[in-house]
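Would you mind keeping the following structure in view while I ask a few things?
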Protein chains: 2
Amino acid sequence: MVKKQKDAGTQQRILEAARKVFLEKGMAGARMQDIADEAGINKALLHYYFTSKDMLFEQIFANTSQTFVPHINEIIESDMPLFEKIEHICDDYISMLIKNPYMPLFLINEINKQDGDFLKRMWGKQKANLSFFVAQIQKEVKKGTIKPIHPAQLYMNIMSMCVFPFLGKPMMQFMTKVTDKEFVQLMEERKTFVARFVIDSIRK
Amino acid sequence: MVKKQKDAGTQQRILEAARKVFLEKGMAGARMQDIADEAGINKALLHYYFTSKDMLFEQIFANTSQTFVPHINEIIESDMPLFEKIEHICDDYISMLIKNPYMPLFLINEINKQDGDFLKRMWGKQKANLSFFVAQIQKEVKKGTIKPIHPAQLYMNIMSMCVFPFLGKPMMQFMTKVTDKEFVQLMEERKTFVARFVIDSIRK
DNA sequence: GTCTATATTCCGATAGAC
DNA sequence: GTCTATCGGAATATAGAC
């Protein structure tokens, strides 16, 4: 088999290594040497495949954030009944985070460092907004199935309870003295727990 | 007036400058030059007062985390009635975070980077645990005033809803299109909103 | 105590042999 | 395509004059 250009296998190994290192240490903390080591190559070869650290990082960041945002939008904008949708969001979110525990800290860090227009450039085309969700909530309020509530606050609550535990894990473990294994178990339980907690609070 | 040792005023200015820079950029992102600029001095003088960046950082980190943890423990371990305590925690937490919006990201980042035993060394003596809160909840469950609930999950929920919005602010602003001023307003409203949300969910 | 100038270390990036 | 060796810049840290 003829290799037309850069070796696809090596390129893939580098991307995986870069993803791992960047997610754990962030842009500022990551070293090209770390990534090279993780990929089992040396720095020179790393630069042969990806000319600069900035460029490599941008690929990882774009890829990570774009597999995250559209996924949740899809659920939010679906036409499920509200309670079912809430259950779906919690389950889906937490399942994904159990598999990618470093993702929230990475994304939040890097998003905070970018200028204001950055998200627009990156996510602008994905019309990531809550208008459909807001309308759905207002409809339910009018029907009288749920208490009056500010949709943005409700959404913040759901997102907070799903994501924060993965950010505050070390602090939580210190306070509650749970082991790593027990922590995962707590998160598994959260998939249904958070949804029930929310629904119990808003239903009339 | 005789100066026995290093100028207290300058030292203070440096600490304030370091705190500001470290909170905004974290250990890896902060530059000694930034801190010197912020304090209105040069790098050499900065090193005269604090021999190394590591050492300066450690002081800021220790100070920041130690003004944070005991504060919340005090409320948790008080003997207020449960609902009142929840209201108190939310109000207090969010008020503090409106004043120190960079604190959560800073603490979470740096805590995540430390090894497992680090928190024990730093907070070990402050017996930061939830045993009293747990007992109080179990008592209320037995009395039948609240639904059965895992205390750790409940505490995670409260903490999540108070802290997360400050971490996810840019993402939230992108999705909900609120301005900075409106965001602060939303947080002000959250002081009572979160408490009510929690209490509505757990009360029988 | 504060400065300028310089040493030292670290890290991203490139040159050039194979 | 992969390596060793090295450059060049940036950042921490120190030397030494005032």
Side-chain angles (χ1 to χ4, degrees), chain A residues 1-64 106 109-110 113-115, chain B residues 1-64 106 109-110 113-115:
Chain A
M1 187 163 183
V2 180
K3 286 181 186 173
K4 269 189 287 187
Q5 52 189 141
K6 290 172 183 173
D7 184 80
T10 307
Q11 177 143 353
Q12 194 52 35
R13 287 219 321 287
I14 291 174
L15 283 170
E16 279 161 23
R19 187 183 156 80
K20 178 154 186 265
V21 173
F22 277 133
L23 278 171
E24 281 182 31
K25 306 196 179 183
M27 172 62 179
R31 302 292 95 126
M32 291 300 263
Q33 186 66 59
D34 298 337
I35 298 173
D37 290 348
E38 182 73 31
I41 57 172
N42 62 27
K43 278 195 299 178
L45 191 58
L46 182 52
H47 276 95
Y48 171 77
Y49 278 87
F50 297 90
T51 28
S52 75
K53 184 185 174 184
D54 281 346
M55 186 256 225
L56 179 55
F57 175 79
E58 205 162 315
Q59 289 207 21
I60 301 295
F61 180 72
N63 181 272
T64 302
F106 171 76
N109 261 312
E110 304 305 335
K113 277 172 205 150
Q114 309 293 347
D115 60 60
Chain B
M1 184 163 184
V2 180
K3 284 182 190 173
K4 268 189 284 185
Q5 52 189 144
K6 291 171 181 174
D7 185 81
T10 307
Q11 176 144 351
Q12 196 51 34
R13 287 220 321 288
I14 291 175
L15 283 170
E16 277 161 25
R19 187 183 156 82
K20 180 156 183 261
V21 174
F22 277 134
L23 278 172
E24 280 183 32
K25 307 196 177 184
M27 170 62 180
R31 300 291 94 124
M32 290 299 263
Q33 186 66 61
D34 298 336
I35 298 172
D37 291 348
E38 182 72 31
I41 56 171
N42 62 27
K43 281 190 297 178
L45 191 58
L46 182 52
H47 276 95
Y48 172 76
Y49 279 87
F50 297 90
T51 27
S52 75
K53 183 184 175 185
D54 281 347
M55 188 258 224
L56 179 55
F57 175 79
E58 203 162 315
Q59 289 207 23
I60 301 296
F61 178 70
N63 182 273
T64 302
F106 170 76
N109 259 313
E110 306 305 336
K113 277 172 204 151
Q114 308 295 344
D115 60 59

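Every chain is numbered from 1 and lettered A, B, ... according to where its sequence line falls, protein lines coming before strand lines.
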_Please report the distance, rounded to the nearest Å, between NE2 in B:His47 and P in D:dT12._
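In whole Å, D:dT12 P and B:His47 NE2 are 7 Å from each other.
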
*Can you tell me if the side-chain N/O atoms of B:Thr10 get under 4.0 Å from OP1 or OP2 in C:dT2?*
yes

*Starting at atom CG of B:Leu46, determine the distance to atom C1' of D:dA11, rounded to an integer number of angstrom.*
12 Å

*Side-chain contact test, heavy atoms from C-beta onward, threshold under 4.5 Å: evaluate it for B:Leu56 versus B:Tyr49 and give yes or no.*
no

*Select from A:Ala44 and A:Tyr48 the residue whose nearest nucleotide in DNA chain D is closer to the 5' end of that strand.*
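By nearest-heavy-atom nucleotide position, the 5'-most residue is A:Tyr48.
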
*Is A:Thr51 near enough to C:dA13 that one of its side-chain N or O atoms lies under 4.0 angstrom from OP1 or OP2?*
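Answer is no, no contact under 4.0 Å.
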
*Can you check whether B:Phe57 and B:Phe22 have ring centres sitting under 6.0 Å from each other?*
yes

*Specify the separation, in whole Å, of atom CD of A:Gln11 and atom P of D:dT2.*
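In whole Å, D:dT2 P lies 11 Å from A:Gln11 CD.
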
*Considering non-hydrogen atoms only, spot the tightest contact between B:Ala36 and B:Asn42 and give its length.*
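Heavy-atom minimum between the residues: CB-C, 3.7 Å.
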
*Atom-pair distance (CZ on A:Phe57; C1' on C:dG12), nearest Å*: 16 Å

*Do B:Arg19 and B:Asn63 come within less than 4.5 Å of each other through their side chains, counting heavy atoms only?*
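The answer is yes, as the side chains (C-beta and beyond) meet within the 4.5 Å cut-off.
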
*Does the pair B:Asp37 and B:Gln33 meet the rule for a side chain to side chain donor-acceptor pair (under 3.5 Å), with working shown?*
CA-CA 6 Å; B:Asp37 291 348; B:Gln33 186 66 61; 3.0 Å; yes

_Without decimals, in angstroms, what is the distance between A:Lys53 NZ and D:dA10 C1'?_
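It is 12 Å, rounded to the nearest whole Å.
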
*Minimum heavy-atom distance A:Leu46-A:Met32, with the two atoms named*: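 Shortest heavy-atom contact: CD2-O, 3.3 Å.
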
*Closest heavy-atom contact between B:Met27 and B:Asp54?*
CE-OD1, 3.0 Å

*For the pair made of CG in B:Leu45 and P in D:dA13, what is the distance, rounded to whole Å?*
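Atom-to-atom, B:Leu45 to D:dA13, this comes out as 15 Å.
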
*Please determine, for the side chain of B:Lys43, which listed nucleotide (D:dT12, C:dT2, C:dA13) has the closest atom?*
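Nearest listed nucleotide: D:dT12.
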
*Name every residue in residues 12-37 of chain A that has at least one heavy atom under 4.0 Å from any atom of DNA chain D, in order of residue number, or write none if there are no such residues.*
none

*Starting at CG of B:Asn42 and ending at P of D:dT14, how long is that distance when rounded to a whole Å?*
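After rounding, the gap between these two atoms is 15 Å.
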
*asked:* Just to be sure I understand the rule, does B:Tyr49 reach a base, reach only the sugar-phosphate, or reach nothing, if contact means heavy atoms closer than 4.0 Å?
replied: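 Sugar-phosphate only.
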
